[in-house]
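Notes follow the structure.
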Amino acid sequence: MKLNDELNRVSRGILDFFFPRRCPFCGAPAGKDLLCEKCRHSLPFTDEHALQTGTFGNCSAPLYYEDRVRDAILQFKFKGKLGGLSCFGMLMAQCAAEQYSGAFDAITWVPVSKKRLKKRGYDQTRYLTAALCVDWHVAPIETLRKVVDNPPQSSRESAEQRRANVLGVYEAVNTEQFCGKRLLLVDDILTTGATLSECVRVLKEAGAAEVMCLTLAMSREKK
């Protein structure tokens, strides 16, 4: 394993020399932590407020869903800009390690519908989950299937409309893989928490012992 890790490190170094990595939030050359110097010091990091509590239980995120973060996520989610995945995964993995170290047994994600997957060509949350699992040398498990192609949550203004929009759109799969286990559930953004709440409900009813949530970004809590 050590030899393979060293070979991977050398290979990454060669690739970075000839094809410098770009910061996904501004496009400037990125450093070893995959962020440029400016973004490292100016992005809206959640820091000590990385954990929110709601009907979904606990959810943590490394960033607030604002400005350059919002733009980068929308480019990734809808425009196929996948170059920032390594950076996104690293930020999420660090956040999960800080907030949930040793608290979960398996990792899963909030899926998109078959129709949206066909239209977009990829499931952005599954990609995020795979990216954050790389350094942990673990594989995520599929626990949910989206069975209804409901309208996007962004098209629903109120929290009540968002809750109604996701009710009954997910079903649990492969329950034997997670029954009695503590799950880390990954999504891209936490806004009202309606989607995460519904997914947590479905997973717990299917036998999950506990579900904690992780997103790349979250909206600031209203005081």
Side-chain angles (χ1 to χ4, degrees), residues 50-62 77 88-89 91-118 120 122-153 156 159-219 221:
L51 194 68
Q52 281 193 25
T53 301
T55 55
F56 44 78
N58 289 329
C59 181
S60 62
K77 188 171 181 177
F88 299 157
L91 292 171
M92 294 176 75
Q94 289 176 347
C95 184
E98 291 169 0
Q99 300 295 327
Y100 300 132
S101 180
F104 54 89
D105 307 306
I107 306 165
T108 188
W109 68 93
V110 176
V112 299
S113 66
K114 287 184 178 180
K115 182 177 180 180
R116 199 162 300 172
L117 178 61
K118 184 177 181 180
R120 189 175 297 166
Y122 59 97
D123 182 335
Q124 80 281 353
T125 306
R126 186 169 188 171
Y127 278 20
L128 284 175
T129 307
L132 75 92
C133 285
V134 167
D135 290 336
W136 293 344
H137 302 290
V138 298
I141 62 172
E142 184 180 17
T143 61
L144 292 167
R145 179 181 297 127
K146 193 169 187 181
V147 293
V148 177
D149 184 46
N150 60 323
Q153 286 290 76
R156 299 298 185 260
E160 291 77 12
Q161 289 175 331
R162 290 191 173 211
R163 284 194 292 269
N165 191 45
V166 295
L167 187 63
V169 305
Y170 299 97
E171 69 177 14
V173 296
N174 304 319
T175 55
E176 71 284 352
Q177 292 189 37
F178 67 86
C179 188
K181 292 185 177 180
R182 302 168 300 170
L183 297 177
L184 178 65
L185 177 65
V186 177
D187 203 0
D188 49 7
I189 310 162
L190 168 65
T191 50
T192 65
T195 297
L196 288 176
S197 296
E198 177 65 6
C199 290
V200 168
R201 181 189 69 80
V202 172
L203 289 170
K204 285 186 174 180
E205 288 185 357
E210 189 178 354
V211 183
M212 56 213 74
C213 305
L214 174 71
T215 60
L216 175 57
M218 61 170 58
S219 299
E221 289 186 285

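No experiment lies behind these values; they were computed from the predicted model shown.
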Verdict with supporting geometry, Lys77 and Arg120, side chain to side chain contact (heavy atoms under 4.5 Å, CB included): CA-CA 9 Å; Lys77 188 171 181 177; Arg120 189 175 297 166; 4.0 Å; yes
Gap separating the CD1 atom of Ile107 from the OG1 atom of Thr129, nearest 0.5 angstrom: 8.0 Å
Donor-acceptor contact below 3.5 Å, side chain Gln52 vs main chain Ser219: yes
Shortest non-hydrogen separation from Val138 to Cys133 and the atoms involved: O-CB, 3.4 Å
Euclidean distance, Leu117 CG relative to Gln124 CD, rounded to 0.5 Å: 9.5 Å
Atom pair CG (Leu183) and CE (Met212), whose distance is rounded to the nearest 0.5 Å: 8.0 Å
Atom CZ of Arg201: over 12 foreign heavy atoms under 6.0 Å: yes
Aromatic plane relationship, Tyr127 with Tyr122 - under 30° parallel, 30 to 60° tilted, over 60° perpendicular: parallel
Distance in Å, Met218 CE paired with Cys213 SG, rounded so as to fall on 0.5 Å steps: 10.0 Å
Any donor-acceptor pair under 3.5 Å from Asn174 side chain to Thr143 backbone: no
Pair Phe104-Lys181, side chain to side chain contact (heavy atoms under 4.5 Å, CB included): steps then yes or no: CA-CA 8 Å; Phe104 54 89; Lys181 292 185 177 180; over 6 Å; no
Leu185: which of Val110, Thr125, Thr215 passes side-chain contact (heavy atoms from CB on, under 4.5 Å): Val110
Closest heavy-atom pair and its distance - Trp109, Pro140: CZ3-CB, 3.9 Å
Check: Tyr100 side chain, Leu214 main-chain N or O, donor-acceptor pair, under 3.5 Å: no
Nearest non-hydrogen partners of Ala209 and Gly180, listed with the distance: CB-O, 3.5 Å
Pair Glu198-Leu167, side chain to side chain contact (heavy atoms under 4.5 Å, CB included): steps then yes or no: CA-CA 7 Å; Glu198 177 65 6; Leu167 187 63; 3.7 Å; yes
Straight-line distance of Asp105 CG to Gln177 CD, nearest 0.5 Å: 13.0 Å
Within-4.5 Å side-chain heavy-atom neighbours: Pro111 and Asp123: yes
Smallest separation among heavy atoms of Ala50 and Cys95, with atom names: CB-SG, 4.3 Å
Side chain to side chain contact (heavy atoms under 4.5 Å, CB included) evaluation trace for Thr195 with Tyr170: CA-CA 10 Å; Thr195 297; Tyr170 299 97; 3.4 Å; yes
Shortest non-hydrogen contact from Ala97 toward Ser101: O-CB, 3.0 Å
Closest approach of Leu203 to Phe178 (non-hydrogen atoms, all atoms of both residues): O-CE1, 3.7 Å
Spacing of Cys199 atom SG and Lys146 atom NZ [to the nearest 0.5 Å]: 8.5 Å
